[in-house]
Amino acid sequence: MARLRTEIPGPRSRELGERRKGAVAAGVGSTLPVFVDHAEPGLLVDVDGNRLIDLASGIAVTGVGNPAPRVAAAVHEQVDRFTHTCFTVTPYEGYVEVCERLAELTPGAHEKRSVLLNSGAEAVENAVKIARHATGRPGVVVFDHAYHGRTNLAMALTAKEVPYKQGFGPFAPGVRRVPGSYPLHDGLPGPGAARRAVAAVERPDEVACVVVEPIQGEGGFVVPAPGFLGELAAWCREHGALLVADEVQTGFCRTGSWFACDHEDVVPDLVATAKGIAGGLPLAAVTGRAEVLDAVHAGGLGGTYGGNPIACAAALGAIDTMRELDLNAAARRIEATVLPRLRTLPGVVEARGRGAMLAVELVSAEAAARVAARCHAAGVVVLTCGTRGDVVRLLPPLTIPDEVLAEGLDVLEGAMQP
Ligand SMILES: *Cc1c(COP(=O)(O)O)cnc(C)c1O
């Protein structure tokens with residue numbers, strides 16, 4: 001059966017696109033303006049009956065599948081029991097259980113605590129709040145090409161001006177941006193890149209935390225050189241600052257381990273998670289050293305919806321799925337089949353990534369946009385990224401059927417031809 005029934009977007013999607021213009025803010029973009037009707041394994045089926053190959057997972061969210069049976073069952077069960085109480089008014093078991101799982105799964109065997117939130121940006125903001133409270137210091141160190149979200153403090157931490165920051169200032173103070181590790185462009189070994197980074201920090205004794213993506217996401221799927229993260233961790237220990245790992249995009253099996261820090265045996269003080277945690281339901285967390293989290297006074301952390309019971313049920317279903325299907329192994333298999341193939345494609349400056357977080361850097365933003373547009377026209381959902389916009393990235397669901405993934409790669413290969 002042919003996957004596509006109409007041109008992309010089809011007539012029904014175009015109609016909804018017109019309707020959208022009269023109601024949805026223009027500032028909310030869409031990479032591929034097909035309106036989705038439902039999903040099947042590895043596929044999004046649009047309102048015109050086109051079956052699109054999903055190599056984006058809603059930006060690394062539906063790694064467990066969409067919908068994933070255990071997530072769906074857990075949501076159905078919870079939604080019929082109760083939908084909300086606000087954990088800070090009257091608690092419920094699901095929240096506690098998610099925090100217990102986070103303590104088990106995040107790097108390090110030390111005693112941990114968690115706070116649950118709604119989005120990656122909120123998690124990163126809370127990590128900074130907690131680090132400032134614990135250290136009594138104001139400063140935050142972040143990196144070139146960093147992406148940490150769209151709220152005010154998160155915009156301050158994010159590097160890329162357009163579209164994330166342009167016209168939205170003033171931004172939160174206290175943020176120092178330093179060079180990171182981008183092996184293709186700086187050629188530095190990891191420890192050297194880290195030493196260059198911290199050398200740019202004028203007052204180490206005023207730094208509350210260093211916030212780092214263990215593999216940069218929106219900034220271009222940049223895998224730091226080995227030893228970069230470890231050297232940052234050592235600097236933090238030496239200067240009494242906390243290492244905050246933003247694992248929002250890299251977490252929950254995406255890179256072939258529970259967290260990307262695991263690949264380097266780095267144990268951050270605080271870990272921010274979201275995206276892949278709950279199979280598509282909005283949930284986020286900050287997990288870290290018990291003494292750091294517990295130092296915050298009662299009432300200092302929280303929010304109306306943070307750790308919503310339906311989202312917690314979904315997270316427990318998603319984590320069960322990751323374990324049962326061994327999605328870490330699945331991500332490593334995807335790396336083993338896809339990465340060598342990406343290296344052979346024409347026009348690739350560098351193919352890189354880990355697990356099912358893979359990308360090709362191309363010669364220009366125009367080249368990346370052209371490849372993405374060709375994939376979209378052929379019904380394959382891919383995203384671009386990179387501060388310069390010159391990277392095409394792949395974030396397939398970890399449960400994508402082999403033949404669907406192979407067909408998606410065939411389309412990508414065709415799109416890369418000059
Ligand atoms: C997506 C992302 C965020 C922001 O998450 P939201 O849920 O969109 O607020 C923060 N950090 C990283 C690394 C991300 O990829």
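Whatever order the structure lists them in is the order used to number ligands and atoms, beginning at 1. This one's a predicted model, so the numbers in the text were calculated from it and none came from an experiment. Numbering of residues begins at 1 and proceeds along the displayed sequence.
- Counting only N and O atoms by type, the side chains of His185 and Glu361 include a donor and acceptor under 3.5 Å apart.
- A donor-acceptor contact closer than 3.5 angstrom is absent between the side chains of Arg196 and Ser181.
- Taking the salt bridge (charged side-chain N to carboxylate O under 4.0 Å, His left out) definition, one finds that Asp144 meets it with nothing, sequence neighbours left out.
- In this structure, CG in Leu405 is found 6.5 Å from CG in Leu55, a value given to the nearest 0.5 Å.
- In terms of protein heavy-atom proximity, atom 5 (O) of ligand 1 is nearest to Gly120 CA, 3.2 Å.
- Centroid-to-centroid, the aromatic rings of Phe143 and Phe228 come within less than 6.0 Å.
- Residue, atom and distance of the protein heavy atom nearest to atom 11 (N) of ligand 1 are Asp246 OD2, 2.7 Å.
- For ligand 1 and Gln249, the ligand atoms under 4.0 Å from any heavy atom of the residue are 15 (O).
- Under a 4.0 Å criterion applied to the non-hydrogen atoms of Ser119, ligand 1 contributes the atoms 7 (O), 9 (O).
- Salt-bridge annotation for Lys112 and Asp294: absent, with no side-chain N of the basic residue lying under 4.0 Å from a carboxylate O of the acidic one.
- Near Glu213, meaning under 4.0 Å from any of its heavy atoms, are these atoms of ligand 1: 13 (C).
- Of the protein's non-hydrogen atoms, Lys275 NZ, 2.9 Å is the one closest to atom 14 (C) of ligand 1.
- Closest protein heavy atom to atom 9 (O) of ligand 1: Ala121 N, 2.8 Å.
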